[in-house]
Amino acid sequence: MPVIFRLAIRNLKEHKSKTVIIALFLIFGIAIVIMGNSFLESINRGLERDFRANYTGDIAISAKPEKGFRIDIFGVDSNSITTDIPQVPPLPELDKLMQIVNSHQEIAKTTKLISAKVIVAEGVEVDFAELTEDDNLTFDDLPISMLFSGEDETYWDTFNGINFVEGGFPAPNTDEIIIDTRVQRAFKGLYKKDLNVGDTVLLAGANTNGVIREAKVVGIFKPANEYSAMFQIIYCNPSLARSFADLTYASLQENAIPDSIDLSISELSEDDLFGSGDDDFDFDFGIEESDDILGSSTNFDDLLGDTTLRDELNKTDDGSWQFILMKMHNPLETKKTIAALKKELSDAGFDLQVMDWKLAAASYAYSVEGIGVVFNMLVIILAVVVFIIIMNTMTVSVIERTGEIGTMRAIGAEKRFVQKLFYTEAVSLTFFSSIIGIILAFIIMAIFNACGITITNSIAKMILGGGLLHFTPTFGIIITTLIIAILGSVISNIYPVSSALRITPLKALSKGSD
C-alpha cells in the first residue's frame with residue numbers, strides 16, 4: 001500500500017493542471033456544503049433553544065385537528081386559502097387530563113395556555129381602511145400580534161425569561177395587557193402616535209367574528225431572545241384571551257355547559273320569544289296616537305325577546321384551556337415521555353395530540369425545514385455537477401495515460417494494481433482537497449460570525465429561524481461531508497477506472513508506435 005500511495009501522489013504531481021482543476025471544484029464544493037449545513041444547524045439550534053425555553057416547552061398537548069388542518073400554539077392552519085379557519089378547541093376533562101400528566105415524575109414544570117391572533121387599534125373604533133389603503137405599509141408595519149395567556153400560578157414560573165422595559169404584569173381579572181417593543185414600534189409607525197404604559201387601545205380578533213375589546217397597556221417588554229423568530233406578542237389575563245379564542249359557553253357542546261345556565265328558554269319557539277303568532281297584524285302608524293319614540297317608556301329590549309340565554313352563553317368559560325405545556329427535567333427523555341403520554345391518553349379515551357417543540361411550533365419550524373430541503377436539493381445538484389466534471393476529467397486523463405498504463409501492464413502489473421492506483425489517486429486528491437475546503441469554510445464562517453450580522457424583517461426572521469445570521473459547524477457535519485465527498489469521488493471514478501482496465505499492453509504499444 002505505501003508503494004501505491006507514493007505512486008498516486010507522484011502521478012497527481014505530474015498531472016498538475018488536471019489535479020488543480022479537480023481540487024478547486026472539490027475545495028469550493030466542500031466549503032459551500034459545510035457552510036450551508038452549519039448555517040442550517042445554527043438556525044435549527046437557535047429556534048429550538050428559543051421556543052423550548054420561552055414558548056412551547058418540551059411537550060405540548062392540544063385537541064387533535066380535523067383532516068386538512070394543523071394545530072400548533074399559533075392556532076389552526078390549513079393548506080387551503082379558501083377554507084374558513086376555526087379556533088383551537090378547548091381541552092376536555094382537564095382534571096382527569098392533568099392527573100395523567102402529573103403522574104410523570106420526569107416532567108419538571110406544567111402550565112396551560114390560550115392563544116389567539118389580534119390587531120391593536122387606536123381610538124374608539126377599528127378603522128381597517130388604514131391597514132389597506134396605504135400601499136407603503138409592509139407586514140412589519142402592522143400591529144398584528146399573537147395574544148398569549150397562561151395559567152396565572154404556573155405560566156411565568158415555566159417561562160420566566162420576560163424582560164420588562166417599563167411597567168409590570170397585568171392585575172388579575174382585568175383587561176390589562178403587556179406588549180413587546182415590536183408591537184409598540186408597529187403601532188407608532190401605523191398611527192404616528194406613541195403607545196405607552198397607561199394608554200388604552202382596542203384589540204380586534206384577527207380570525208374571530210367581530211370580537212373587539214378595550215384593553216389597557218400596563219407593561220412593555222423585550223422578547224427573551226432579541227434575535228427571536230417568534231412573532232410579536234401581547235400577554236393578557238385568561239378571561240380576555242378566551243374572548244378572542246372563542247372559548248365561550250356558546251362554543252361548547254350542550255353536555256359541557258354548566259348547570260348554572262338555564263337552557264329551558266332555548267326550547268321556546270320564535271313566536272314565544274318574539275310575538276303572539278297571530279296572523280292578523282294591526283299596526284297603527286298614526287302620529288297622533290304614537291308616543292315620541294326616543295321618549296317612549298317602551299322597553300325596546302322586550303322587542304328582542306329574552307336575551308338572558310344569549311348573554312349567559314357569550315360569557316367565557318373560566319375553566320377552558322387550549323394547550324398544556326410541559327418542561328422536562330431531562331430534555332433527552334422527551335421522545336420517551338411523549339410515547340408514554342400518547343398511550344396513556346389513548347387508553348383513557350382521550351383523542352388528543354401530544355407534540356414535541358417542533359410540532360408545537362410547526363408554523364415556524366416547517367418554514368426552516370423548507371429552507372433545508374431547498375438547500376439540500378441545491379447541494380445534490382452541485383455534487384452531481386462536480387462529480388460529473390471529475391469523471392470527465394479522469395476519463396480524459398486515462399486516455400492520455402494509455403502508454404503509462406500499458407507499460408505497467410507489460411512489466412507485470414495486474415489489473416487489481418492499476419485499479420488500486422487510480423482509486424488511491426482519487427481518494428487522496430479528494431481527502432486533501434476536502435481538508436483545504438474545511439479550513440476555508442472555517443475561516444469564512446469565523447469572519448462572518450465575528451461581524452454579527454442581523455436582520456430585522458419579521459418574515460425573513462421567521463423563514464430563517466431568527467434575526468442573527470450565524471454559522472454553527474459540528475463534528476457530525478464535517479465527518480458526513482468528508483465521507484460523502486470520498487464516496488462520491490470513488491463512484492465518479494468507476495467509469496474512468498474501468499476504461500483503464502480495458503487497456504492492454506498490445507493496445508498501448510500500438511498507440512505508442514502511432
Side-chain angles (χ1 to χ4, degrees), residues 1-35 37 379-443 475 477-514:
M1 183 61 73
V3 174
I4 293 178
F5 181 74
R6 286 198 297 270
L7 284 173
I9 298 300
R10 188 203 66 180
N11 290 337
L12 290 174
K13 289 180 179 178
E14 287 182 356
H15 302 85
K16 289 182 181 179
S17 59
K18 295 181 181 61
T19 299
V20 170
I21 291 172
I22 296 174
L24 287 175
F25 275 106
L26 288 170
I27 288 169
F28 288 107
I30 293 296
I32 290 171
V33 170
I34 288 179
M35 290 171 59
N37 280 296
V379 167
I380 292 172
I381 295 172
L382 174 65
V384 169
V385 171
V386 169
F387 291 132
I388 287 175
I389 292 173
I390 292 174
M391 183 180 69
N392 290 336
T393 306
M394 293 300 294
T395 301
V396 173
S397 177
V398 166
I399 294 172
E400 292 178 350
R401 294 168 63 182
T402 299
E404 176 189 338
I405 297 168
T407 302
M408 286 191 294
R409 295 292 309 281
I411 62 176
E414 297 179 353
K415 287 185 177 182
R416 187 173 180 79
F417 179 86
V418 177
Q419 185 181 46
K420 286 183 179 179
L421 178 61
F422 273 88
Y423 279 129
T424 302
E425 289 179 18
V427 171
S428 299
L429 179 58
T430 301
F431 179 79
F432 290 116
S433 299
S434 297
I435 296 300
I436 297 173
I438 291 169
I439 294 172
L440 176 63
F442 269 79
I443 292 173
F475 182 75
I477 290 174
I478 295 170
I479 294 300
T480 302
T481 304
L482 187 59
I483 291 173
I484 292 175
I486 292 174
L487 288 176
S489 179
V490 170
I491 293 171
S492 66
N493 275 276
I494 290 176
Y495 177 73
V497 170
S498 65
S499 299
L501 295 179
R502 288 195 295 267
I503 298 175
T504 63
L506 181 60
K507 183 178 179 181
L509 293 174
S510 63
K511 185 172 182 180
S513 62
D514 292 340

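Computation of the quantities below employed the complete heavy-atom set of this structure, encompassing side-chain atoms and omitting hydrogens, waters and symmetry-equivalent molecules.
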Taking the side chain as every heavy atom from C-beta outward, state whether [X] and [Y] have any pair of such atoms under 4.5 Å apart.
X      : Y      : result
Ile494 : Tyr423 : yes
Ser498 : Tyr495 : yes
Phe28  : Leu382 : no

Quick one: [atom1] on [X] to [atom2] on [Y], what's the gap to the nearest 0.5 Å?
X      : Y      : atom1 : atom2 : result
Met35  : Ile438 : CE    : CD1   : 13.5 Å
Ile436 : Phe431 : CD1   : CZ    : 11.0 Å
Thr19  : Leu24  : OG1   : CG    : 10.5 Å
Ile32  : Thr481 : CD1   : OG1   : 12.0 Å
Thr480 : Ile34  : OG1   : CD1   : 10.0 Å
Ile435 : Ile478 : CD1   : CD1   : 9.0 Å

Minimum heavy-atom distance [X]-[Y], with the two atoms named:
X      : Y      : answer
Ser428 : Ile9   : CB-CD1, 4.3 Å
Ala31  : Gly437 : CB-O, 3.6 Å
Ser434 : Ala485 : OG-CB, 3.9 Å
Asn37  : Ile477 : O-CD1, 3.6 Å

Exercise. Would you find more than 12 non-hydrogen atoms of other residues, nucleotides or ligands less than 6.0 Å from Phe417 atom CZ?
Worked result: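 Correct, the count exceeds 12.
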
Problem set entry | Heavy-atom neighbours of Phe25 CZ exceed 12 at 6.0 Å |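 No.
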
Problem set entry | Ser489: side chain to side chain donor-acceptor pair (under 3.5 Å) partners, not counting sequence neighbours |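 Residues passing side chain to side chain donor-acceptor pair (under 3.5 Å) with Ser489: Thr430.
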
For this session: Would you list the pairs meeting salt bridge (charged side-chain N to carboxylate O under 4.0 Å, His left out) in which at least one residue belongs to residues 18-32, sequence neighbours left out?
Result: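 Listed by first then second residue: Lys18-Glu400.
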
